[in-house]
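All values below were derived from every heavy atom in this structure, side-chain atoms included, with hydrogens, water molecules and symmetry-related copies excluded.
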Amino acid sequence: MAAIKTWDAQFDRSCLAGSSCAFGVFDGVHEGHRYIIEQAIQGARECGGSSVIITFDRDPDEVFAPARLKKLMTNEARLQALAATGVDLLLVIPFTREFAAEEPEEFLESLFGKGVPAQLHVGVDFRFGVRATGTLGQLMEWGKPRGLRAFGHELLAEGAAPVTATRIRGLLAEGNIVEANRLLTRSYALEGTVVEGRQEGREFGFRTANLEVPAQLLAIGAGVYGAWAEVAGVPYRAAVAVGVAPTFAEEATANVEVHLIDFDEDIYGQPITVRFVEWLRPMKKFDSLEELKTTILANIAHVRDELPEL
């Protein structure tokens, strides 16, 4: 696990001198991101310096466009995943409007000071500085007299299309969890604290863990999924309903309902992690509670007997 340091007035920028860095937000830490990070690690071997990931403590859109943002993971989970990629150092920059307002050259001078890396690896569409006006060409021009080689990598392609967080969000919104997981190289996950729900699960003979997930973290589309839910470190099979069930639209508050299989404990107030594996069906309004119960029990039977392992 890499050391994690915050970029601030106390940070010793000299440790970046001669290093090989990957720079980006890296939401999802997906296959495309890992390719750029691997290039930085390989560059460190070539130049004999340390390998570093430079990222922000939050997605810039959390500051500038929060209403439209759909994140693939929390900031905390993203940083932990980045620290586990095999680099020597994860450098986290607090993202503020003031920092974002710096002119491109001022941005680079503020960031590196006298600790200019030997290599900097970014996506070919990398932008920086005020209104994202800094380009890869400007980065290369700034770096050349300072001994910095900047590499703009074409995004890794899968199925004739680049692997991007936007592409993965689109797959999740469509319910295509299998393809999204393949590009993420892991199961898409949501985390939440269990709140009290409508209690109909008790009447049907199974427990329901109800989560209120912020809209910004709910990239996955409405529907019912097969998943693994981790409670106190123990994984359980689960049928998971994402979105407010039309049958209970007037009384529901939770937007993720996790029907835990072979589980019978009170876990209100406890955190759980849900790892999505397969799409089962769309959300629909049922004509009766009996029809709803029959459908849910069929979903549970499928998950209990046929859910793939993680």
For the residue pair Lys284 and Phe286, would you count it as a cation-pi contact if the rule is NZ or CZ under 6.0 angstrom from the ring centre and within 45 degrees of the ring axis? yes
Derivation and outcome, side-chain contact (heavy atoms from CB on, under 4.5 Å), residues Val258 and Leu260: CA-CA 6 Å; Val258 185; Leu260 294 159; 4.1 Å; yes
Co-membership, hydrophobic cluster, residues Tyr268 and Val274, 4.5 Å side-chain: yes
Which atom of Gly226 lies closest to which atom of Leu307, heavy atoms considered: C-CD1, 3.7 Å
Does the side chain of Thr55 come under 3.5 Å of the side chain of Arg78 through a donor N or O and an acceptor N or O? yes
Under 4.0 Å between a side-chain nitrogen and a carboxylate oxygen: does that hold for Arg237 and Glu309? yes
For the backbone of Tyr236 and the side chain of Asp262, can you confirm whether one donor and one acceptor N or O come within less than 3.5 Å of each other? no
Could you tell me whether the side chain of Trp228 and the main chain of Pro308 form a donor-acceptor pair under 3.5 Å? yes
Could you give the distance from CD1 (Ile53) to SG (Cys21), rounded to the nearest 0.5 Å? 10.0 Å
Looking at CG of Leu171 and OG1 of Thr166, how far apart are the two atoms once the value is rounded to the nearest 0.5 Å? 11.0 Å
Taking Val242 as the starting point, is it possible to reach Val213 by hopping between hydrophobic residues whose side chains are less than 4.5 Å apart? yes
Using atom types as modelled and distance alone, determine if a side-chain donor or acceptor of Gln42 lies under 3.5 Å from a backbone N or O of Glu38. no
Between the CD1 atom in Ile37 and the OG1 atom in Thr85, the distance rounded to the nearest 0.5 Å is 4.5 Å
Can you see which heavy atom on Val163 is nearest to which on Gly32, and at what distance? CG1-N, 3.7 Å
Taking atom NZ of Lys5 as the centre, report whether more than 12 heavy atoms of other residues, nucleotides or ligands fall under 6.0 Å from it. no
Residues Ser14 and Asp12: closest non-hydrogen pair is OG-OD1, 2.6 Å
Checking the side chain of Asp8 only, and the main-chain atoms of Phe11 only, is there a donor and an acceptor separated by less than 3.5 Å? yes
Could you see if Val29 belongs to whatever hydrophobic cluster contains Ile36? Use Ile, Leu, Val, Met, Phe, Trp, Tyr and a side-chain cutoff under 4.5 Å. no
Can you tell me which residue among Phe128, Phe126, Phe151 is in a ring-ring contact (aromatic ring centres under 6.0 Å, His included) with Phe23? Phe126
Check: His33 side chain, His30 main-chain N or O, donor-acceptor pair, under 3.5 Å: yes
When you check the gap from the basic side-chain N to the acidic O, do Glu31 and Arg167 get nearer than 4.0 Å? no
With distance as the sole test, does Asp57 use its side chain to make a donor-acceptor pair with the main-chain N or O of Phe95 at under 3.5 Å? yes
CG (Leu108) and CD (Glu103) are apart, to the nearest 0.5 Å, by 11.5 Å
Do Thr193 and Gln270 have a side chain donor and acceptor closer than 3.5 Å? no
Verdict with reasoning, His259 to Val240, per side-chain contact (heavy atoms from CB on, under 4.5 Å): CA-CA 6 Å; His259 300 282; Val240 182; over 6 Å; no
Give me the ring orientation class for Phe276 and Tyr225: parallel if the planes are under 30° apart, tilted from 30 to 60°, perpendicular past 60°. perpendicular
Please check if the side chain of Arg58 supplies one atom and the backbone of Val63 the other of a donor-acceptor pair under 3.5 Å. no
So if you build clusters from Ile, Leu, Val, Met, Phe, Trp, Tyr with side-chain heavy-atom gaps below 4.5 Å, do Tyr35 and Phe26 land together? no
Quickly, which of Glu105, Glu102, Arg13 forms a side chain to side chain donor-acceptor pair (under 3.5 Å) with Ser110? Name it, please. Glu102
Does this structure show an ion pair linking Lys71 with Glu62, if we count only N-O contacts that are shorter than 4.0 Å? yes
Salt bridge present between Glu291 and Lys285 (N-O < 4.0 angstrom): no
Nearest heavy-atom pair of Arg275 and Ser187: which atoms, and what distance? CB-CB, 4.0 Å
For side-chain contact (heavy atoms from CB on, under 4.5 Å), just list the numbers for Val52 and Val87, CA-CA rounded to whole Å, side-chain angles, deciding distance to a tenth of an Å, and then say yes or no. CA-CA 6 Å; Val52 182; Val87 295; over 6 Å; no
Should Asn299 and Arg281 be marked as a side chain to side chain donor-acceptor pair (under 3.5 Å) after you check the CA-CA gap, both sets of side-chain angles, and the distance that decides it? CA-CA 9 Å; Asn299 296 152; Arg281 63 173 174 86; 2.8 Å; yes
Count the heavy atoms of every other residue, nucleotide or ligand shown that sit under 6.0 Å from CZ of Arg149, and state whether that count exceeds 12. no
Given 3.5 Å as the limit, does a donor-acceptor pair link the side chain of Asp88 with the main chain of Ser51, or not? yes
Take Leu211 and Leu190 through the test side-chain contact (heavy atoms from CB on, under 4.5 Å) and record every step on the way to the result. CA-CA 10 Å; Leu211 309 178; Leu190 288 176; 5.7 Å; no
Any idea which heavy atoms bring Val124 and Leu136 closest together, and the distance? O-CD2, 4.1 Å
CD1 on Ile4 to CG on Leu91, rounded to 0.5 Å: 11.0 Å
Minimum-distance pair of heavy atoms, taken over all atoms of Leu148 and Trp142: CD2-CZ3, 4.0 Å
Before giving the answer on salt bridge (charged side-chain N to carboxylate O under 4.0 Å, His left out), spell out for Asp27 and Arg169 the whole-Å C-alpha distance, their side-chain angles and the decisive distance to 0.1 Å. CA-CA 11 Å; Asp27 181 33; Arg169 292 185 192 109; 2.8 Å; yes
Under 3.5 Å: donor-acceptor pair, side chain of Gln138, backbone of Thr135: yes
For the pair Asn255 (side chain) and Gly243 (backbone), establish whether a donor and an acceptor sit closer than 3.5 Å, ignoring hydrogens and angles. no
Quick check, are the ring centers of Phe99 and Phe107 under 6.0 angstrom apart? yes
